[in-house]
Amino acid sequence: MKPQTSGQTLRFVRRGETVTLNHVAPDRTLLDVLREDLHLSATKEGCGEGDCGACTVVLGELVDGQLRHRAINSCIRMAHSVDGMAVYTAEDIAAPTGELHPAQEAMVQCHGSQCGFCTPGFVMSLFGMYQNTDKGQGITREQAQVDLSGNLCRCTGYRPILDAAQQMGDLPLPAGCAVDVGATVAALKALKKKPAADTPYLRPTTLSALLQARAARPKAQVVAGCTDVGLWVTKQHKRFEQVLDVTAARELQRVETYKHHIAIGAAVSLTDAFAALVKERPQLKTFSQRFAGLPVRNSGTLGGNVANGSPIGDSMPLLIALGASVVLMRWKKTAAGGEIAHRELRLEDLYTGYRTNVMRPDELVAWIKVPRPTQDEKLAVYKISKRFDDDISAICLAIRLEIAGGVVRSASIGAGGVAATPARARHTEAALLGQPWTEDTVMAAMDTLRGEFQPISDMRASAAYRHTVLGNLLRRFWLESQGQQAINLEQLNGLKSLEVTA
Ligand SMILES: Cc1cc2nc3c(=O)[nH]c(=O)nc-3n(C[C@H](O)[C@H](O)[C@H](O)COP(=O)(O)OP(=O)(O)OC[C@H]3O[C@@H](n4cnc5c(N)ncnc54)[C@H](O)[C@@H]3O)c2cc1C
Ligand code: FES
Ligand code: FES
């Protein structure tokens, strides 16, 4: 039996009404609260780890005064993180008369459900798409695939579900199904309250309050989107008496653009962080869509990926290749009371070993600074995983070269899945630097790259496979730089869509 932890009041808006729940423990998941406390059993638990999407719900949040809707996995999201938001489940979107929302009706008409276990999750992802488009109009096959990549179905097959995504925009929206934006915004504003300083689940709204809370509560579990930490609760049964959530600190919710770099706040979701990176470098679009599925990207943050420091995390190889740095912040006591202290280091210097880093107990990741592209930049990032969508990398290699006059003027290479930490391939960089950009140079550098790391064998790939692929990816980069596109994932994605529409 789980030991009890003390709880606090949780309030959110559902069907236009405020739901108030007392004594909710800081480490309870939103799914548990929906199913066990509110008996909303349409929202299903499949995997309990963010993979299957059966637990998908949509959150409505005020962002710059506007209502923003995002599909998320309720199984790994801490319940208190939705305090002050609107929550929509599969039980909330039909009209009171029973008439179905177009996201539901399209699934019926397209035969998108068999056993039905995955259906509430798919419906909520469709509802998220409906809200984020012009009432479901103009959804392409590609967009449907990307937005539904976090939902798995074991029996129906995906064609009818993708059909439903494209057809829901043609269906009428029954009265009573539409989200009443004005009323929801008013209800959310009415919920806003001054955050208390002594609750077990703390979500400070300013950076200084966040850093002071970190200093005062060194034992509190820091969370952002909880897409890593949520699994420690659901799979490892860890309990947290105190949780410190970084995502409400408004200074950290921004992406700022400067002349030479962009700065991504630690509270920015992966969806928004990748949008900012893709805006700078459009070639990263496919890679960004292969990071988990949409509901995970909507909750998770780039700051969480970097702080977690998994050797198979995807953003770090890319960020290392781009020359990114990380800004760590803490609250420093002074005679006048205190002030924010910060330091900045190259991302690769953050890590000291398997999931260990140089962060002090009172420090937090505050910003990730990413240099902007240069004219001579050639950049590619390759994710090798067993599945195309929503899978963890066996190997991830990001290569950034500046080539001018046929000579490699700068080289930075980040690698994942090859060592205990995300790693920088310094020897390979040295083998390329100042050399003519030729096949001979690349062949020599491939040997260096293979010799630079000693990858391990695990369930994702054998050491031998990783070793071979690592060098081959550099060769692929060379071939692509020569105009050869033997394997191009964007084309592959297009082919997948052609197959299903044929
Ligand atoms: C189904 C699924 C698929 C996934 N697919 C991928 C994938 O394709 N590629 C990949 O790289 N990852 C993947 N992940 C892992 C996860 O989504 C990412 O690591 C994500 O970026 C974590 O961010 P978060 O905000 O959810 O972090 P959290 O889970 O909230 O926190 C992760 C860690 O970082 C710490 N932390 C968070 N924010 C800060 C901060 N500001 N300062 C200091 N410490 C902090 C926490 O204490 C914790 O130790 C996947 C996860 C799931 C569940
Ligand atoms: S239950 Fe599978 S993603 Fe939540
Ligand atoms: S309908 Fe059975 S899992 Fe999708």
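When a ligand or atom number is given, it counts from 1 through the structure's own listing order. Note that the structure is predicted; figures quoted are calculated from it, not measured.
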Query raised in the report: Considering distance alone, does some N or O of N305 sit under 3.5 Å from an N or O of ligand 1?
Result: yes

Query raised in the report: Is it true that some N/O/S atom of C155, main chain or side chain, lies under 2.8 Å from atom 2 (Fe) of ligand 3?
Result: yes

Query raised in the report: Non-hydrogen atoms of L252 versus ligand 1: any pair closer than 4.0 Å?
Result: no

Report summary line: ligand 1 to W232, heavy atom cutoff 4.0 Å, flagged ligand atoms 48 (C), 49 (O)

Report summary line: of all protein heavy atoms, closest to atom 41 (N) of ligand 1 is V365 O, 2.9 Å

Query raised in the report: Measuring to atom 2 (Fe) of ligand 3, does C115 have an N/O/S atom at a distance below 2.8 Å?
Result: yes

Query raised in the report: Thinking salt bridges, do D27 and K238 make one under a 4.0 Å N-O criterion?
Result: no

**Report entry** Pick from D314, N73, V243: the one approaching atom 9 (N) of ligand 1 most closely through a non-hydrogen atom
**Finding:** D314

Query raised in the report: Under 4.0 Å from any heavy atom of C226, which atoms of ligand 1 are there?
Result: 24 (P), 26 (O), 28 (P), 29 (O), 30 (O)

Query raised in the report: Is it true that W367 lies under 4.0 Å from ligand 1, counting heavy atoms only?
Result: no

**Report entry** Identity and separation of the nearest protein heavy atom to atom 51 (C) of ligand 1
**Finding:** T227 O, 3.8 Å

Query raised in the report: Are D390 and ligand 1 in contact, using a heavy-atom cut-off of under 4.0 Å?
Result: yes

Query raised in the report: Does the side chain of M78 come within less than 4.5 Å of C226's, by heavy atoms?
Result: yes

Query raised in the report: If you look at every heavy atom in A215 and W331, which pair is closest and at what distance?
Result: CB-CB, 4.4 Å

Query raised in the report: Counting each atom of ligand 3 from 1 as listed, which ones have a heavy atom of T156 under 4.0 Å away?
Result: 1 (S)

Query raised in the report: Strictly under 4.0 Å, does any heavy atom of R297 approach an atom of ligand 1?
Result: no

Report task. Say whether V223, considering both its backbone and side-chain N or O atoms, lies within less than 3.5 Å of an N or O atom on ligand 1. Result -> no

Report summary line: Residue, atom and distance of the protein heavy atom nearest atom 45 (C) of ligand 1 read A307 CB, 3.4 Å

Query raised in the report: Does at least one non-hydrogen atom of K383 fall below 4.0 angstrom from an atom of ligand 1?
Result: yes

Report task. Name the option, out of V296, D51, I312, that contains the heavy atom nearest to atom 52 (C) of ligand 1. Result -> V296

Query raised in the report: Counting from 1, what ligand 2 atoms have a heavy atom of N73 closer than 4.0 Å?
Result: 3 (S)

**Report entry** Element-labelled atoms of ligand 1 that are located less than 4.0 Å from some non-hydrogen atom of D391
**Finding:** 8 (O)

Query raised in the report: Which heavy atom of the protein is the closest neighbour of atom 14 (N) of ligand 1, given with residue, atom name and distance?
Result: I392 CD1, 4.2 Å

Query - Sub-4.0 Å atoms of ligand 3 with respect to non-hydrogen atoms of G116 - result: 1 (S), 2 (Fe)

Query - Electrostatic pair D391-K386, nearest N-O below 4.0 angstrom - result: no

Requested in this report: Using 2.8 Å as a strict upper limit, say whether an N, O or S atom of C153 approaches atom 4 (Fe) of ligand 3 that closely.
Outcome: yes

Query - Side chain, backbone, both or neither: D51 near ligand 2, heavy atoms under 4.0 Å - result: backbone

Query raised in the report: Judging by distance only, is a nitrogen or oxygen of D228 under 3.5 angstrom from one on ligand 1?
Result: yes

**Report entry** Short N/O/S contact of C52 with atom 4 (Fe) of ligand 2 (below 2.8 Å)
**Finding:** no

Report summary line: Vertex atom 4 (Fe) of ligand 2, ends C75/SG and C55/SG: angle to nearest 10° comes to 100°

Query raised in the report: Which heavy atom of the protein is the closest neighbour of atom 3 (S) of ligand 2, given with residue, atom name and distance?
Result: G53 N, 3.1 Å

